[in-house]
Amino acid sequence: MQETLHLSSKHSSFPKSHVLHSHHDFSTLSRPRIIHFPTLSSKTSITIPPKPSKSPELPSISPPSSPDPPDPHSQFEEKMLYLDSIGLDLFSLINDHPPIVCASLDDIKSTVDFMYSMGFTALEFCRICGMCPEILNSRVSDIVPVFTFLLREARVDGSDLRRVVNRRPRLLACNVKNRLRPTLYFLQSMGISEVNKHTNLLSCSVEEKLIPRIDYLEKIGFSKRDAVSMVRRFPQLFNHSIKDNLEPKFNYFVVEMGRELRELKEFPQYFSFSLENRIKPRHQCCVEKGVCFPLPIMLKTTEAKFHGRLEVCCNSSGPLRTSPLWCTNSDVNSI
């Protein structure tokens, strides 16, 4: 049942504009709202999208199988057979230089091919590896700079290159920047101009081998100038061991032979002769005969010439050490 609210304008205190009109203001609430859709004629066609076809199944792709890791035993056997084919015993090389086990067979083959291309024979290469097995751990890119250094900086003649390497194979295992070049500069600073005649010294360490020999000569009484003069006169002095060579020979020279340092300064080659097989026997022969030869005559002459001189001196009055005839240039040069 609907109730109508009548408000008298006379007693109403609300403005006229605010009077509620049920007919106009609430019509939307009392009547249902009708939504009109557009009508479709019979001629209107509706396109229905086709039913999506079933997507084709992609073949399952299995991840690529990783290659089987190389068999270490097979690699070792292959390396052993290859080295044996060129005349090298892998086990002997490993005994001398264990890192050869890790050397790549491809690198070894490249090194062998390069050395052959440089004119080295198979026999020479086997000898080089026997003296310096480290070469089998070197790559061609490590060896080429050594040959370049020897030719360009050390001034080794190309025709002499094989002889230089055969004489000192360790050169091929030396780093040019850290070993060969510093040693070259040191030898040149000592006044050794023709280093190409003493290339075996290039593989020596300046700090560990060359400088200690200079220091030892100063220690036993030579001045720095005399020590430098001795190594300039006889550069191979750098190759001799202090403990096993220089010390025992110097002690014998001073104590047993009673000679003066001046003689060693003039003839540093004394240290190159065998103490047991040359120096002692000949000195004892001189003592027995009462003869005192200059060091070059005593040590450089052949056995026949030495004993021949002894006989001459024994059958005649030999010169005293203070005599100017005791050591003449003609005697030294005639050796």
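The model shown is predicted, which means the values in this text are computed figures rather than measured ones.
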Without swapping roles, check the side chain of Tyr270 against the backbone of Lys249 for a donor-acceptor pair under 3.5 Å. yes
Going through the checks in order, is the side chain to side chain contact (heavy atoms under 4.5 Å, CB included) test met by Leu150 and Leu202? CA-CA 10 Å; Leu150 292 173; Leu202 291 172; 4.1 Å; yes
Are side-chain heavy atoms of Arg170 and Glu134 found at a separation under 4.5 Å? yes
Of all residues at least two apart in sequence or in a different chain, which pass the salt bridge (Lys or Arg N to Asp or Glu O under 4.0 Å) check with Glu207? none
Using modelled atom types only, decide if a donor and an acceptor are shared between the side chain of Arg127 and the backbone of Asn166 within a distance under 3.5 Å. yes
Tell me if a side-chain donor or acceptor on Lys280 pairs with a main-chain N or O of Tyr252 at a distance below 3.5 Å. no
In terms of hydrophobic clustering (I, L, V, M, F, W, Y; side-chain heavy atoms under 4.5 Å; direct or indirect links), are Tyr216 and Val255 co-clustered? no
Please report the interatomic distance NZ(Lys79) to CG(Asp106), rounded to the nearest 0.5 Å. 10.5 Å
Determine, stepwise, if the pair Asn239 / Leu201 fulfils side chain to side chain contact (heavy atoms under 4.5 Å, CB included). CA-CA 7 Å; Asn239 268 336; Leu201 294 176; 3.6 Å; yes
Shared hydrophobic cluster for Ile211 and Val195 (ILVMFWY, side-chain gaps under 4.5 Å): yes
Does a side-chain heavy-atom distance below 4.5 Å link Phe234 with Phe267? no
Would Ile100 end up clustered with Leu81 when hydrophobic side chains under 4.5 Å apart are linked, directly or stepwise? no
Working to the nearest 0.5 angstrom, can you tell me the gap between Asp215 CG and Lys224 NZ? 7.5 Å
Measuring only between side-chain heavy atoms, which start at C-beta, is Met190 closer than 4.5 Å to Pro235? no
Should Cys286 and Met298 be marked as a side chain to side chain contact (heavy atoms under 4.5 Å, CB included) after you check the CA-CA gap, both sets of side-chain angles, and the distance that decides it? CA-CA 9 Å; Cys286 290; Met298 186 181 80; 4.2 Å; yes
Closest non-hydrogen atom pair between Pro268 and Arg233, with its separation: CD-CD, 3.4 Å
How long is the span from the CG atom in Leu172 to the SG atom in Cys132, to the nearest 0.5 Å? 7.0 Å
Just by modelled atom types, is the Val156 backbone N or O under 3.5 Å from a matching donor or acceptor in the Asp160 side chain? no
I would like to know whether Tyr116 and Ile86 meet side chain to side chain contact (heavy atoms under 4.5 Å, CB included); could you show each step before the answer? CA-CA 11 Å; Tyr116 287 171; Ile86 62 175; 4.1 Å; yes
In terms of heavy-atom contacts, Met115 and Ile128 come closest through CE-CD1, 4.0 Å
Would you call the rings of Phe293 and Phe306 parallel, tilted or perpendicular, where under 30° means parallel and over 60° means perpendicular? perpendicular
Between the side chains of Arg282 and Glu303, is the shortest nitrogen-to-carboxylate-oxygen separation below 4.0 Å, so that they form an ion pair? yes
Where is the tightest heavy-atom contact between Arg179 and Thr183, given as atom of each residue plus distance? O-OG1, 2.9 Å
Start with the C-alpha gap between Ser203 and Arg168, add the side-chain angles, then the distance that decides, and say whether side chain to side chain donor-acceptor pair (under 3.5 Å) holds. CA-CA 8 Å; Ser203 61; Arg168 187 65 172 176; 2.8 Å; yes
Over all atoms of both residues, closest heavy-atom pair of Asn137 and Ala103: ND2-CB, 3.9 Å
If you look at every heavy atom in Leu88 and Cys126, which pair is closest and at what distance? CD2-CA, 3.8 Å
Given 3.5 Å as the limit, does a donor-acceptor pair link the side chain of Asp96 with the main chain of Pro133, or not? no
Grouping I, L, V, M, F, W and Y whenever their side-chain heavy atoms are under 4.5 Å apart, do Leu123 and Val164 come out in a common cluster? no
Closest non-hydrogen contact found for Ile297 with Thr301 is O-OG1, 2.8 Å
Heavy-atom count check: over 12 atoms from other residues, nucleotides or ligands less than 6.0 Å from Arg139 CZ? no
Carboxylate-amine/guanidinium proximity below 4.0 Å for Arg155 and Glu194: no
Hey, could you give me the CG/CG distance between Leu246 and Asn251, rounded to the nearest 0.5 Å? 10.5 Å
Rounded to the nearest 0.5 Å, what's the gap from NZ on Lys265 to CZ on Arg262? Could you check? 10.0 Å
Using atom types as modelled and distance alone, determine if a side-chain donor or acceptor of Ser138 lies under 3.5 Å from a backbone N or O of Ile143. no
Side chains of Arg309 and Val291, heavy atoms from C-beta outward: is any pair under 4.5 Å? no
Please examine the side chains of Ser141 and Phe114, heavy atoms only from C-beta on, and report whether any two atoms are closer than 4.5 Å. no
So do His97 and Leu136 actually touch side chain to side chain, heavy atoms under 4.5 Å? no
Salt bridge check, Lys243 against Glu247: does any charged N sit closer than 4.0 Å to a carboxylate O? no
Do Lys209 and Phe238 have side chains that get closer than 4.5 Å, going by heavy atoms? no
Just so I know, are the side chains of Val231 and Leu217 near enough to count as touching, which here means a heavy-atom distance under 4.5 Å? yes
Within one Ile-Leu-Val-Met-Phe-Trp-Tyr cluster: Phe273 and Met230, side-chain cutoff 4.5 Å: yes
If we check side chain to side chain contact (heavy atoms under 4.5 Å, CB included) with Leu299, which of these qualifies: His283, Arg278, Gln269? Arg278
How long is the span from the CG atom in Leu210 to the CG atom in Leu237, to the nearest 0.5 Å? 11.0 Å
